[in-house]
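Take a look at the structure below.
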Amino acid sequence: MIIFLLIVLFYVLIVPFLEKFQRTRDFQHKKKLVDRYIRPFVDKEDLILDVGSGSGSISKLLNAEPLDVVDLHEVGAPPGLFDGENVPYADDTFDAVLCISVLHHTENQKKLLEELKRVSKNKIIIFEDVPDSIVDKILCRIHSLSAYGRCSKCFHTTNEWRRIFHEHGLRVEHIVNVPRSYSLLYPVKRKMFILNK
C-alpha cells in the first residue's frame, strides 16, 4: 500500500514537471512515432484527419487536418474544434483517420468510434494504452486520476478493444506493439490498431 501511495505521489507531484520538460522535446519524440509506427500504414497522398491532435506535432508531420476539443497546438495550424463526439466532416471524407491516445480520455467512446468510421473512407488508426497486466492496470488507473485522464473506465485490454471494434463493424488488420520505452515517464503497454471498415 505504501509503494502504491508513493507511486501515486510521484505521478501527481513530479510527473507534471517532467512532462513540461518532455514537451520541449515533443516534436522530435512525435517524429519518431510517426516515422516508425504510422507512416508504414499511410500513403503520402492520403488525406488524413488527426482527431485529438494535441500539440499539433503529428498533424504537422503528416500534413493532416487537425481536430481537437481545445487548441493546445504548439506547432502547425490551429485545430478545428469540436465537441468530442460529433466530427464536423461529411461521410467518407478522409483516406485515413488517426486517433492517437485519445479514446481513453473519451467517456462516449462508442459515439466517437462511429464518427471516426463515418468520416473515414476505409482506414482508421487507433493508438491506445492497454492494461493487459497488473502493472499496466495500475499505471492506467494513475493516469485516469491525472488532469489528462478523468475516465477510469475508458481503458481497455487488447481483447476488449478487439471486441469493441468488432461491435462497430471495424476489422482489425494489424496490431502493432509499441515498446514501453516509448515514454519513460509513463511506461505502460501500448498498441496501435490498424482498422478497416
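Annotation: Lys110, atom NZ; neighbour count of heavy atoms from other residues, nucleotides and ligands within 6.0 Å does not exceed 12. More than 12 heavy atoms of other residues, nucleotides or ligands shown are found within 6.0 angstrom of CZ on Arg171.
In this structure, the side chain of Asp68 does not engage the main chain of Gly80 through any donor-acceptor pair within 3.5 Å. With hydrogens and angles disregarded, no donor-acceptor distance shorter than 3.5 Å links the side chain of Asp43 to the backbone of Glu45. Side-chain N or O atoms of Lys117 include one that pairs as donor or acceptor with a backbone N or O of His168 at under 3.5 Å. Here the side chain of Asp136 pairs no donor or acceptor atom with the backbone of Val188 at under 3.5 angstrom. A donor-acceptor pair under 3.5 Å is absent between the side-chain atoms of Glu115 and the main chain of Leu112, judged by distance alone. In terms of modelled atom types and a separation under 3.5 Å, the side chain of Gln109 and the main chain of Cys154 share a donor-acceptor contact. Between the Ser120 side chain and the Asn122 main chain, a donor and an acceptor come within less than 3.5 Å of each other. The backbone N or O of Leu195 lies less than 3.5 Å from no partner atom in the side chain of Glu173, so there is not a single donor-acceptor pair.
Taking CD of Glu65 as the reference point, atom CZ of Phe94 lies at 5.5 Å (rounded to 0.5 Å). In this structure, CZ on Arg180 lies 7.0 Å from NZ on Lys189, to the nearest 0.5 angstrom.
A side-chain contact (heavy atoms from CB on, under 4.5 Å) with Met192 holds for exactly one of Ile175, Ile38, Ile126, Asn177; it is Ile38. Partner Leu98 forms a side-chain contact (heavy atoms from CB on, under 4.5 Å) with one of Leu67, Ile58, Leu116 and no other, that one being Ile58. Tested against Asp92 for a salt bridge (Lys or Arg N to Asp or Glu O under 4.0 Å), the candidates Arg118, Lys197, Lys121, Lys123 yield a single pass: Lys197.
Relative ring orientation between His143 and Phe155 is described as perpendicular, the plane-to-plane angle rising above 60° on a 0-90° scale split at 30° and 60°.
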Show the numbers, then the answer: is there a side-chain hydrogen bond (donor to acceptor under 3.5 Å, both in side chains) between Ser53 and His73?
-> CA-CA 8 Å; Ser53 55; His73 274 212; 2.8 Å; yes
With side-chain contact (heavy atoms from CB on, under 4.5 Å) as the test, would you mind laying out the steps for Asp83 and Val69 before giving the verdict?
-> CA-CA 6 Å; Asp83 63 6; Val69 295; over 6 Å; no
Dump the intermediate steps for side-chain contact (heavy atoms from CB on, under 4.5 Å) on Val42 and Ile125, then the final yes or no.
-> CA-CA 9 Å; Val42 296; Ile125 298 174; 3.9 Å; yes
Where do Lys191 and Phe193 land on the side-chain contact (heavy atoms from CB on, under 4.5 Å) test, with the steps shown first?
-> CA-CA 6 Å; Lys191 300 269 177 123; Phe193 301 92; 3.8 Å; yes
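No side-chain donor-acceptor contact under 3.5 Å links Asn63 and Lys44.
For the salt bridge (charged side-chain N to carboxylate O under 4.0 Å, His left out) test, residues two or more places apart in sequence or in another chain that qualify with Asp35 are Lys31, Arg39.
Separation of the His156 and His104 ring centroids does not fall under the 6.0 Å cut-off.
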